[in-house]
Number of protein chains: 6
Amino acid sequence: MPTLHVELFAGRSAEQKRQLVAALTEATVRVLDCAPDAVDIVLSEVSREHWATGGVLWSERQG
Amino acid sequence: MPTLHVELFAGRSAEQKRQLVAALTEATVRVLDCAPDAVDIVLSEVSREHWATGGVLWSERQG
Amino acid sequence: MPTLHVELFAGRSAEQKRQLVAALTEATVRVLDCAPDAVDIVLSEVSREHWATGGVLWSERQG
Amino acid sequence: MPTLHVELFAGRSAEQKRQLVAALTEATVRVLDCAPDAVDIVLSEVSREHWATGGVLWSERQG
Amino acid sequence: MPTLHVELFAGRSAEQKRQLVAALTEATVRVLDCAPDAVDIVLSEVSREHWATGGVLWSERQG
Amino acid sequence: MPTLHVELFAGRSAEQKRQLVAALTEATVRVLDCAPDAVDIVLSEVSREHWATGGVLWSERQG
């Protein structure tokens, strides 16, 4: 605690995920003044076939 | 915003997913009177090995 | 199953919530061809002090 | 209702998942005095590449 | 890890919540053979105005 | 997208929440190289009566 659930599009590299959890934990610890080990983060990769905005899946979007 | 998370059994066709996000967005916009682009939907497919009702996984159910 | 979790800003009327769950259920049943009683919906009201876009809480936004 | 979402590391056997949903349902029914069929459980397997504690992914941890 | 999120109707006593997290943790530890301190549980109380089955809020249901 | 859900104990000040969403968004944008407006964050305050570790609610813990 605190716990972060991060939904992001699939396709990020392992290095980006490593950097992301490090950066989010650092930001959380700095603002909330909690111990780093208290911060849990779960990443959920979402495919473009499973995310829609405005009623249209991102896999269907142009451009 | 609003954001919908939809858990459904795996196995629906791409066409059904397209129709589902369109229909849910249309319903949300109509009732809440918000802009279509304000509506985000995330679909989560759940396998029958990972959903239980009454203490029994759906993959184990008869009939 | 299916189950929908809907996050929306606090402040909608009871009548809008009634209409929203009815409309979302109707859309789900129509597209997925499932029984109405199989559809569960949980509404989560989020205050503007607890939702941020672009790093700014909606309670802080102008206009 | 009630509904449980269980996040656990990937790699458990089918038999452990069967036992887990049975045991969690039994515990819930016993304490809340509800019908077994009212209890839904969704299991979410999380890989060690997607869970971090203290800013470090579990896939990166030693020992 | 593992982490359980439990959605239940509002109105349970503090004693029931205490018993519920103890019983769910005991069940999880027994089946998964993990340390008790690895088990986190978050309870989310849902009001009957915010849960619908079959398109009808539980606050509207008869009987 | 990406979307972050942050569970934290209730009791943080409005200023800390402002700083938290700003810092988390800055970290996400820096690592993932996405537009700030693509980042949504939802804060969920959890009371100590609703979070348990090791089978014990935090409201019951000593020290």
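Residue numbers start from 1 in every chain, and the chains themselves are labelled A, B, ... in the order their sequence lines are given, proteins ahead of strands.
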Would you mind telling me which of F:Leu32, F:Thr28, F:Leu24, F:Thr53 has the largest number of heavy-atom pairs within less than 4.5 Å of chain A? F:Leu32

Which residues in residues 15-22 of chain F have any heavy atom lying under 4.5 Å from a heavy atom of chain A? F:Gln16, F:Gln19, F:Leu20

Which region of A:Ile41, side chain (C-beta onward) or backbone (N, CA, C, O), has a non-hydrogen atom less than 4.5 Å from a non-hydrogen atom of chain F, or is it both or neither? neither

Partners passing side-chain contact (heavy atoms from CB on, under 4.5 Å) against A:Val46 (at least two apart in sequence or in another chain): A:Glu7, A:His50, A:Trp51, B:Val42, F:Met1

Qualifying residues under side-chain contact (heavy atoms from CB on, under 4.5 Å), relative to F:Val29, sequence neighbours excluded: F:Thr25, F:Cys34, F:Pro36, F:Val39

May I have all residue pairs that pass salt bridge (Lys or Arg N to Asp or Glu O under 4.0 Å) and include part of residues 23-44 of chain A, sequence neighbours excluded? A:Glu26-A:Arg30

